Chemist: 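Right, I'll just put the structure down here and ask away after.
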Amino acid sequence: MTATSGYTVETLRWKNDAIEMIDQRLLPGTKAYVRCDTAACVAAAIRNMVIRGAPAIGVAAAYGIALEARHLKAAFSGQFQTGLDQAFDLLAQSRPTAVNLFWALNRMQLLRRSLSPLEPFEITERLLAEAHAIHKEDIRINQAMGAYGASLLPDGARVMTHCNAGALATAGHGTALGVFRSAVAAGKRLSVIANETRPFLQGARLTAWEMVQENIPVTLITDNMAGHLMQTGGIDAIVVGTDRVAANGDVANKIGTYMIAVLAKRHDIPFYVACPLSTIDLTLETGADIPIEERDINEVKGFRECIWAPEGVSIRNPAFDVTPAELVTALITEKGIITNDRLMAKELKSVVENSPA
Ligand code: MRU
């Protein structure tokens, strides 16, 4: 069976009993796929940024569990269950900040528990079907979010984004870039300003590439140019994705997002966050509770083979930051727009809990 997104950018696909993920470390220069048929391989691909972006790593993790089940399905039930426990642990340790990873693993775990009286081969089939369902749902969610988000952007808007919250960060369409795709499909003329997003350059390499592929006008800037563009009237709106939103509406996203949100407030520019409901973590009261991943210092020292920092310098590499809810104009979800007054009124929990499935 083959499960593909149908988008020009195929972030991940099920092919010949394995998942294939486009190697995002090599883009835009090289388009190559990494093939995984074990949970360990998927966990390594997530850790090493072959695949990245909150919803995409959730989908990959779900497939990781299904793949491990396929490996173990001929084993005795006890071995099968122990092997699956190990796969869940391994995948949960791959990256800490994006809650979508844990959301997807939790969904697979709940299904697995409900199936425990069944034989391993039957459980395996159901786990794989669930991973396919998560994959397909993610695209539908992004399209719904895109339609709501598009309604917020005026024709001719110059929209800034940070990092890559595109098709590459999801199963397809994207969250923030999905809003741009939907607006353009609805006939609006947009121009996108992509922040390069130091240190891993998701904006320069991935967002710019996706927009160029689709003929959506895109201008690349370095991160430290963002304030100047806002100050001189070059930006009408900002749309970013998110890795986790706390119950009070604080938003964790790629490092640098906080800086942009502060600047947006200073210049009275709307700051929107495209946020599937699975990215909202009601178990955490505020953004201060969100675990922030610290990545390898080599990502800051240079890029690929080019090293520019001296040996011996001390380096920090926090990969995410937290934007307080007060700076967020609105969350764009697949069920509608949640405006800042509702975030400030602490309504997020009830909005999420009362959203129809
Ligand atoms: O470190 P990354 O590239 O996984 O970080 C990705 C982001 O910060 C995205 O903005 C976020 O995951 C939203 S993706 C739809």
Side-chain angles (χ1 to χ4, degrees), residues 1-7 9-22 33-43 45-46 50-51 53-92 94 98-145 167 169-173 276-279 334-335 355-357:
M1 174 174 179
T2 304
T4 59
S5 70
Y7 279 84
V9 183
E10 197 108 79
T11 310
L12 77 171
R13 59 193 181 204
W14 178 261
K15 203 171 169 189
N16 299 332
D17 298 334
I19 63 161
E20 293 183 343
M21 294 162 280
I22 195 163
Y33 280 82
V34 169
R35 184 176 190 276
C36 280
D37 64 1
T38 63
C41 177
V42 174
I46 294 172
V50 166
I51 188 160
I57 64 178
V59 178
Y63 276 120
I65 294 299
L67 287 165
E68 203 59 28
R70 285 175 68 87
H71 263 280
L72 295 162
K73 70 181 175 188
F76 291 116
S77 184
Q79 275 173 302
F80 177 78
Q81 296 297 353
T82 310
L84 276 188
D85 284 340
Q86 286 165 353
F88 275 103
D89 286 348
L90 196 61
L91 286 158
S94 57
V99 75
N100 309 61
L101 176 78
F102 305 98
W103 172 89
L105 287 174
N106 193 39
R107 183 160 152 179
M108 296 298 277
Q109 188 70 275
L110 288 174
L111 175 68
R112 169 205 180 186
R113 289 201 182 119
S114 75
L115 299 174
S116 60
L118 301 184
E119 292 298 322
F121 75 92
E122 290 173 279
I123 299 175
T124 299
E125 289 308 304
R126 298 279 297 274
L127 288 174
L128 181 58
E130 191 72 357
H132 286 320
I134 291 173
H135 187 178
K136 283 200 189 110
E137 271 170 37
D138 187 57
I139 298 172
R140 279 201 300 274
I141 285 169
N142 294 335
Q143 288 166 337
M145 214 161 27
T170 63
H173 199 66
L277 292 176
S278 57
T279 310
E334 68 272 31
K335 301 285 180 193
S355 288

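Only this structure's heavy atoms are used, side chains among them; waters, hydrogens and symmetry mates stay out. One is the number of the first residue; the rest follow in order along the sequence. Remember, it's a predicted structure, so these values are computed and weren't measured experimentally.
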Chemist: Do Ile134 and Trp103 come close enough that some side-chain heavy atom pair is under 4.5 Å?
Modeler: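 With C-beta onward as the side chain, the pair touches.
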Chemist: Is there side-chain contact between Leu277 and Ser355, with at least one heavy-atom pair below 4.5 Å?
Modeler: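 Yes, side chains in contact.
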Chemist: Can you tell me how far CD1 of Ile65 sits from CG of Leu128, rounded to the nearest 0.5 angstrom?
Modeler: 12.5 Å
Chemist: Scan residues 68-77 for pairs that pass side chain to side chain donor-acceptor pair (under 3.5 Å), counting only residues two or more places apart or in two chains.
Modeler: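 The answer is Asp17-Arg70.
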Chemist: I want to check something: taking the side chain as every heavy atom from C-beta on, are Thr38 and Leu67 in contact at a cut-off of under 4.5 Å?
Modeler: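 The answer is no; the side chains never approach within 4.5 Å.
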Chemist: Nearest 0.5 Å, please: how far is OG in Ser116 from CZ in Phe80?
Modeler: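 Nearest 0.5 Å value for the CZ-OG distance: 11.0 Å.
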Chemist: What's the spacing between Thr11 OG1 and Asp138 CG if we round to 0.5 Å?
Modeler: 9.0 Å
Chemist: Looking only at heavy atoms, which two atoms of Leu101 and Ala61 are closest? And how far apart?
Modeler: CD1-CB, 3.5 Å
Chemist: Indicate the atoms forming the closest heavy-atom contact of Ser114 with Leu111, along with that distance.
Modeler: OG-O, 2.7 Å
Chemist: Between Ile22 and Leu12, is the side chain to side chain contact (heavy atoms under 4.5 Å, CB included) condition met? List the steps.
Modeler: CA-CA 6 Å; Ile22 195 163; Leu12 77 171; over 6 Å; no
Chemist: Taking the side chain as everything from C-beta on, heavy atoms only, tell me whether Met108 gets closer than 4.5 Å to Leu127.
Modeler: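 Result yes, sub-4.5 Å side-chain heavy-atom pair found.
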Chemist: Testing the basics here: between Gly172 and Ile139, what is the closest heavy-atom pair and its distance to 0.1 Å?
Modeler: N-CG1, 3.9 Å
Chemist: What are the two closest non-hydrogen atoms of Ala60 and Ile51, and how far apart are they?
Modeler: CB-CD1, 4.1 Å
Chemist: Is any side-chain heavy atom of Arg13 closer than 4.5 Å to a side-chain heavy atom of Tyr33?
Modeler: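 They are in side-chain contact.
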Chemist: Keeping Tyr63 on the side-chain end and Cys36 on the backbone end, is there a donor-acceptor pair under 3.5 Å?
Modeler: no
Chemist: Treating Lys335 as the side-chain partner and Pro356 as the backbone partner, does any N or O pair qualify as donor plus acceptor under 3.5 Å?
Modeler: yes
Chemist: Report the distance from atom CD of Gln86 to atom CG of Leu72, rounding to the nearest 0.5 Å.
Modeler: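 It comes to 8.5 Å.
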Chemist: Compare every heavy atom of Ala39 with every heavy atom of Leu91, then report the nearest pair and how far apart it is.
Modeler: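 The pair with the smallest heavy-atom distance is CD2-O, 3.9 Å.
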Chemist: Pick from Ile141, Asn100, Val99: which one makes a side chain to side chain contact (heavy atoms under 4.5 Å, CB included) with Ser278?
Modeler: Asn100
Chemist: Are any non-hydrogen side-chain atoms of Arg35 and Asn16 less than 4.5 angstrom apart?
Modeler: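 Yes - at least one pair of side-chain heavy atoms lies under 4.5 Å apart.
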Chemist: Could you pull out the closest heavy-atom pair between Ser94 and Ala43, with the gap in Å?
Modeler: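 Looking at all heavy atoms of both residues, the shortest contact is CB-O, 3.7 Å.
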Chemist: Could you list the donor-acceptor pairs under 3.5 angstrom formed by side chains in residues 119-126, with sequence neighbours left out?
Modeler:
residue: Glu122; atom: OE1; partner: Glu119; partner atom: N; Å: 3.3
residue: Thr124; atom: OG1; partner: Ala69; partner atom: O; Å: 3.4
residue: Thr124; atom: OG1; partner: Pro120; partner atom: O; Å: 2.8

Chemist: Calculate, to the nearest 0.5 Å, the distance between atoms NE2 and CG belonging to His173 and Asn142 respectively.
Modeler: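 His173 atom NE2 to Asn142 atom CG measures 7.0 Å (nearest 0.5 Å).
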Chemist: If I take atom CG from residue Leu90 and atom CG from residue Leu105, how far apart are they, to the nearest 0.5 angstrom?
Modeler: 10.5 Å
Chemist: Under the side-chain hydrogen bond (donor to acceptor under 3.5 Å, both in side chains) test, which residues partner Asp85, sequence neighbours left out?
Modeler: Arg112
